[in-house]
2 protein chains.
Amino acid sequence: MVRKGERLTGETAKVYALRLLSESIINMELKPGALISENELSRTLGVSRTPIREAIHELQKSRLIEVFPQRGSYVAPISFEAVEEAAFLRRTVETAIVEELCDKITKKQLGELYENIALQEYYLGNEMSDKVMEIDNEFHKMLYTMCGKKRTYDLVRTAMGQFDRLRALSLYSIRDLKIVSDHKAITDAIAAGDKETAGALMTKHLMRYKLDKEEVMKSHPDYFK
Amino acid sequence: MVRKGERLTGETAKVYALRLLSESIINMELKPGALISENELSRTLGVSRTPIREAIHELQKSRLIEVFPQRGSYVAPISFEAVEEAAFLRRTVETAIVEELCDKITKKQLGELYENIALQEYYLGNEMSDKVMEIDNEFHKMLYTMCGKKRTYDLVRTAMGQFDRLRALSLYSIRDLKIVSDHKAITDAIAAGDKETAGALMTKHLMRYKLDKEEVMKSHPDYFK
DNA sequence: ACTTGTCTACTTGTATACAAGTATATTACC
DNA sequence: GGTAATATACTTGTATACAAGTAGACAAGT
């Protein structure tokens with residue numbers, strides 16, 4: 001059902017359960033429609049039902065799990081509307097953030113962004129695809145924190161699982177290439193203080209999920225609701 | 001600690017606890033810094049600790065409660081940054097929403113908005129302040145749903161408790177007057193399909209919290225962190 | 001006066017038993 | 001064969017006992 005990972009030191013049972021369950025759903029080991037049995041998870045992970053339940057309820061808020069009282073909890077199908085709304089939220093917020101950064105970013109912060117991009121190019125060149133996804137998320141997180149909006153990131157983050165699942169399913173191979181060049185162009189625009197360009201580039205950047213979505217809708221229509 | 005309200009029919013223990021606890025914090029019956037004792041709440045509300053804990057964890061995500069393991073859970077102080085971030089999120093999203101509505105709103109939906117405003121004016125004229133707050137929230141919710149963004153509303157909603165607390169503390173009396181006239185102007189702009197005006201009006205409208213914030217920071221500086 | 005250890009009374013985190021509802025298979029009956 | 005009642009084996013929701021950690025009171029010793 002879900003692989004039994006290693007419990008990190010100092011990690012509470014709830015965080016442990018959330019981490020493994022979340023990973024399993026996002027990388028599609030647990031497919032839409034799969035039953036999430038509290039008892040089975042409890043046995044597999046070696047913790048009681050209480051922390052399992054807490055993890056399930058968090059993922060329910062991210063709309064990755066659907067809970068039906070007295071019937072069961074299931075991995076949520078990929079919802080067309082949920083993906084579109086998550087995309088809208090993220091695009092709207094992050095476009096505003098880069099515009100704000102055009103005014104207030106520091107030289108030091110700009111340097112950190114370019115460092116991150118250099119790493120992106122390295123992973124890209126060595127075809128380390130999961131590393132690219134990881135550092136892509138890190139790049140966007142940096143924009144929030146540099147803008148003093150860490151709480152906003154945490155909130156928007158809960159909706160991003162929708163994208164991550166699409167990406168895990170998609171084979172669209174030039175995506176990573178585009179992502180990295182997008183990041184570079186956006187950072188250049190921020191460095192130039194060009195709000196209009198930075199905002200427009202971010203909006204365009206965060207519309208790229210549509211290609212993944214269309215591809216996955218054709219290759220795995222059964223995963224959608 | 002918290003008043004023992006009536007448990008609605010069909011309401012689960014968790015929802016019941018969340019409702020009462022949430023109300024008590026937002027209307028400032030439970031003041032920042034107050035201890036939220038799971039055991040005491042359990043006794044007061046007549047439900048076990050499990051649903052109480054689930055409610056507490058939800059409010060923790062809304063940043064209305066801070067949980068310190070093995071030490072206690074407390075009503076969160078009003079955080080300057082948390083308020084500003086919640087305001088940014090809401091303003092950004094709802095400005096985009098009214099712009100989108102300029103293109104796609106229907107005549108029927110416009111009618112519903114004006115009906116709501118008529119009710120706002122009625123409550124305003126009869127000085128039913130809590131009713132104004134209730135229907136104000138309803139107006140904004142309608143904008144999300146008309147735009148097909150109910151999920152987005154649910155997510156943004158979790159951050160709005162920050163405002164509600166400020167409003168409960170503020171005595172700023174012309175606020176409600178301004179709110180209603182803002183709503184009317186925004187709706188008029190949407191009806192005219194004027195994106196620029198609608199967006200600008202919404203942005204201005206959602207900056208009004210600043211007056212409440214400044215007033216409360218002076219009258220109750222001890223509630224802030 | 002001041003430290004230091006200990007005891008007590010809390011706190012949240014976790015495990016587990018039980019309650020209540022649902023879907024399915026099985027059995028009894030026509 | 002077909003149908004309805006009934007076990008039965010699940011599910012999540014809730015209650016409760018216990019584990020582990022923290023803070024403060026308080027007394028003993030220096």
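Every chain is numbered from 1 and lettered A, B, ... according to where its sequence line falls, protein lines coming before strand lines.
- Using a 4.0 Å cutoff on non-hydrogen atoms, the parts of residues 53-63 of chain B near DNA chain C are B/R53, B/H57, ordered by number.
- By the side-chain hydrogen bond (donor to acceptor under 3.5 Å, both in side chains) test, A/E134 pairs with no residue at all, sequence neighbours left out.
- Applying the side-chain hydrogen bond (donor to acceptor under 3.5 Å, both in side chains) test to B/T203 and every residue at least two apart in sequence or in another chain returns B/T95.
- For DNA chain C, the residues of residues 40-52 of chain A within the heavy-atom distance limit of 4.0 Å (strictly under) are A/V47, A/S48, A/R49, A/T50, A/P51, sorted by number.
- In the 5' to 3' direction, nucleotides of DNA chain C lying under 4.0 Å from heavy atoms of chain A begin and end at C/dT14 to C/dA23.
- Every residue two or more places apart in sequence or in another chain that forms a side-chain hydrogen bond (donor to acceptor under 3.5 Å, both in side chains) with B/E81 is listed here: B/S79.
- Taking the side-chain hydrogen bond (donor to acceptor under 3.5 Å, both in side chains) definition, one finds that B/E112 meets it with B/K108, sequence neighbours left out.
- Looking at residues two or more places apart in sequence or on another chain, you find a side chain to side chain contact (heavy atoms under 4.5 Å, CB included) between B/R157 and B/N137, B/Y153, B/M160, B/D164.
- When the ring pair (Phe, Tyr, Trp, His ring centres under 6.0 Å) test is applied to B/Y16, no partner is found at least two apart in sequence or on another chain.
- Not counting sequence neighbours, the partners of A/T50 by the side chain to side chain contact (heavy atoms under 4.5 Å, CB included) test are A/S48, A/E54.
- With sequence neighbours excluded, no residue forms a ring pair (Phe, Tyr, Trp, His ring centres under 6.0 Å) with B/F88.
- Taking the side chain to side chain contact (heavy atoms under 4.5 Å, CB included) definition, one finds that A/S62 meets it with A/L64, A/T158, sequence neighbours left out.
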